[in-house]
Chemist: 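Below: one structure in structure tokens.
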There are 2 protein chains.
Amino acid sequence: MTSFEQPQHILLIDDDQELAELLSEYLASEGFKLSCCFDGTSGLAKAFDDDIDLILLDVMMPKLNGFEVLKALGSQHKTPILMLTAKGDEADRVLGLELGADDYLAKPYNHRELLARIKAILRRIDIAKNSNTHSSIETINNVTLNHGTRTVSCHQQEVILTGTEYQILHYLMQHHGQIVSKESLSETVLGRRLTSFDRSIDMHVSNIRRKLLSNSPIDKLKTVRGAGYIFLSGETQ
Amino acid sequence: MTSFEQPQHILLIDDDQELAELLSEYLASEGFKLSCCFDGTSGLAKAFDDDIDLILLDVMMPKLNGFEVLKALGSQHKTPILMLTAKGDEADRVLGLELGADDYLAKPYNHRELLARIKAILRRIDIAKNSNTHSSIETINNVTLNHGTRTVSCHQQEVILTGTEYQILHYLMQHHGQIVSKESLSETVLGRRLTSFDRSIDMHVSNIRRKLLSNSPIDKLKTVRGAGYIFLSGETQ
DNA sequence: AAGCCAATGTAAAGATTGTGTAAAGGTTGA
DNA sequence: TCAACCTTTACACAATCTTTACATTGGCTT
């Protein structure tokens, strides 16, 4: 999603000016904005700019070579780095990756592959960022679970559940539309075998039902006598 | 941070059982946990498990090949994927990356390089997730942190916190609106595992609460019984 | 259809666990 | 040594889980 808000800004650190121009044109045609630095020192300075989304870093350079730039940036640097190199040496690749590079491409490279790798890195960052903030929310049949806050809402209205109730509802929703036995609920959620006169699961389900029904006219939990419970998927049936 | 809470879990989808064993041993020695699936179908099913941190996906496989698994997972799948292939074909690499793979390694590969690539991907995800929150928090819900002077104010009035209290509040604010477990607070701030009768975190949180409440009528820290604490973002909820 | 019984619903009581916090005990650094 | 701070202890209390008890239901037999 962030990827389409504005052109992604790529910083190329490479002393080959001819290549820079070619690349700039190609990446522009793919919707990227390219800035160039022709030696390690100036590249290092620009690498800390907040609006740089990705760095293409050549290894062979005057003043400061690629590995030295990597070291200077540190492995926790927040902008991803794709290394470019004339040699395809494995030891170099490993060293680069260990120093904090995200990927490694040997020259001469195909533009399409470079583009694919750039996109792969940016896509992964985008997914990782969102997975954190929107911390996995799932909605089925008007019931929404928010794992980040361990909260539940039914028809857009919050419902207060206890920890165990939340886990049971979660498990039932994971298997929505299919029967979930009390045995598996007990083992998964309560962590113990279901014994003859243990009515805990029944009580928890009863409580969940009551709480959900305060926000919805229809029961979302169906009892299958002698078999277990089903969280109804909605629609037909 | 997340990286040290528990061993990272890697899923290998490959029909070569011998390789699987070798890899399992090697990765275990590096602190990873490896699960294996020997065909695409079962691998695909396991790929959706929440506790998988990274997938190693072989291209040549019975039932469903690597590309088909990729397609089935979709390019927005939240677990990163490293493709393994016998051929080093460039067209294959590009196709894999475009379909949603994060990286590509040709067999036979060096274990050290595989490890470096795995770590590079996981490191990048970790940084991306944290960059969201870690960067300049300053003010949330009328509570302001001033990193330069390590001072805190609540509703424009200074609050005196000890070092540990400051760190705990900082961590909670970094994850505002989300549950933060006592375990991760203990590990991150106190630098030790939370043990059965350790009440330090409770005490620190209690003290932070009291100090903040002297400047504000409403409690900014919510307790989620059995789960942890949330620094409330303000507004609704 | 009537009657029986096991399975289920659920209110209420009882047991257990997690949390808040005062106060005491330790630790550290000036 | 003292002061500031962190940790442990202790106890109260509230939230939650489990058990008990009884009502209700649905399927089965006769």
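Numbers restart at 1 for each chain; the letters A, B, ... are given by sequence-line order, proteins then strands.
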Chemist: What is the distance, rounded to the nearest whole Å, between atom CD1 of Ile208(B) and atom P of dT21(C)?
Modeler: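 After rounding, the gap between these two atoms is 12 Å.
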Chemist: Describe the nucleic acid contact of Arg209(B) in one word from base, sugar-phosphate, nothing, applying a heavy-atom distance below 4.0 Å.
Modeler: sugar-phosphate
Chemist: Let me know, please, whether Glu165(A) or Arg192(B) comes out on the 5' side of the other along DNA chain D by nearest nucleotide.
Modeler: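 Going by which nucleotide is closer to the 5' end, it is Arg192(B).
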Chemist: For DNA chain C, find the residues of residues 196-206 of chain A with a heavy-atom distance under 4.0 Å and give them by number; none if there aren't any.
Modeler: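 Heavy-atom contacts with DNA chain C come from Arg199(A), Asp202(A), Met203(A), Ser206(A).
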Chemist: For Gln17(B), which residues count as a side chain to side chain contact (heavy atoms under 4.5 Å, CB included) partner, sequence neighbours excluded?
Modeler: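 Checked Gln17(B) against side chain to side chain contact (heavy atoms under 4.5 Å, CB included); matches are Phe38(B).
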Chemist: For residues 150-176 of chain B, which residue pairs qualify under salt bridge (charged side-chain N to carboxylate O under 4.0 Å, His left out), counting only residues two or more places apart or in two chains?
Modeler: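 Non-adjacent pairs meeting salt bridge (charged side-chain N to carboxylate O under 4.0 Å, His left out): Glu165(B)-Lys211(B).
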Chemist: Applying salt bridge (Lys or Arg N to Asp or Glu O under 4.0 Å), name anything that partners Lys46(B), two or more places apart in sequence or on another chain.
Modeler: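 Salt bridge (Lys or Arg N to Asp or Glu O under 4.0 Å) list for Lys46(B), sorted by chain: Asp49(B).
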Chemist: Name all residues meeting the salt bridge (Lys or Arg N to Asp or Glu O under 4.0 Å) criterion together with Asp103(B); count only those two or more places apart in sequence or in a different chain, and write none if there are none.
Modeler: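 For Asp103(B), the residues satisfying salt bridge (Lys or Arg N to Asp or Glu O under 4.0 Å) (neighbours in sequence not counted) are Arg117(A), Arg117(B).
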Chemist: Please identify each residue that fulfils ring-ring contact (aromatic ring centres under 6.0 Å, His included) with His155(A), with sequence neighbours left out.
Modeler: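 Applying ring-ring contact (aromatic ring centres under 6.0 Å, His included) to His155(A) gives none.
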Chemist: Please report, rounded to the nearest Å, how far the P atom of dG20(C) is from the CZ atom of Arg210(B).
Modeler: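 Taking atom P of dG20(C) as the reference, CZ of Arg210(B) is at 13 Å.
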Chemist: Compute whether any side-chain donor of one residue and acceptor of the other, for Ser233(A) and His176(A), lie under 3.5 angstrom apart.
Modeler: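 Checked: Ser233(A)/His176(A) side chains pair up, N/O donor to acceptor below 3.5 Å.
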Chemist: According to salt bridge (charged side-chain N to carboxylate O under 4.0 Å, His left out), does anything in residues 179-192 of chain A pair up with another residue at least two apart or in another chain? List the pairs.
Modeler: Lys182(A)-Asp202(A), Glu187(A)-Arg193(A), Arg192(A)-Asp198(A)
Chemist: Could you write out each protein N or O paired with an N or O of nucleotides 14-18 of chain C at a distance under 3.5 Å?
Modeler:
| unit_1 | atom_1 | unit_2 | atom_2 | d |
| --- | --- | --- | --- | --- |
| dG18(C) | O4' | Arg225(B) | NH1 | 3.2 |
| dG18(C) | O3' | Gly226(B) | N | 3.4 |
| dG18(C) | N3 | Arg225(B) | NH2 | 3.1 |

Chemist: From the 5' end of DNA chain D to its 3' end, which nucleotides mark the outer limits of contact with chain B, defined by a 4.0 Å heavy-atom distance cut-off (strictly under)?
Modeler: dC5(D) to dT16(D)
Chemist: Mind grabbing the angle between the end helix axes of the helix from dA1(C)-dT30(D) to dA30(C)-dT1(D)? Five pairs an end, 10° rounding.
Modeler: 40°
Chemist: Give Tyr166(A) one of three labels, base, sugar-phosphate or nothing, depending on what nucleic acid heavy atoms sit under 4.0 Å from its own.
Modeler: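 The answer is nothing, as Tyr166(A) stays clear of every strand by at least 4.0 Å.
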Chemist: Only counting residues at least two apart or in another chain, list the ones meeting ring-ring contact (aromatic ring centres under 6.0 Å, His included) with His77(A).
Modeler: Phe48(A)
Chemist: Can you list everything that forms a side chain to side chain contact (heavy atoms under 4.5 Å, CB included) with Pro62(B)? Sequence neighbours excluded, please.
Modeler: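 Here the qualifying residues are Asp15(B), Asp39(B).
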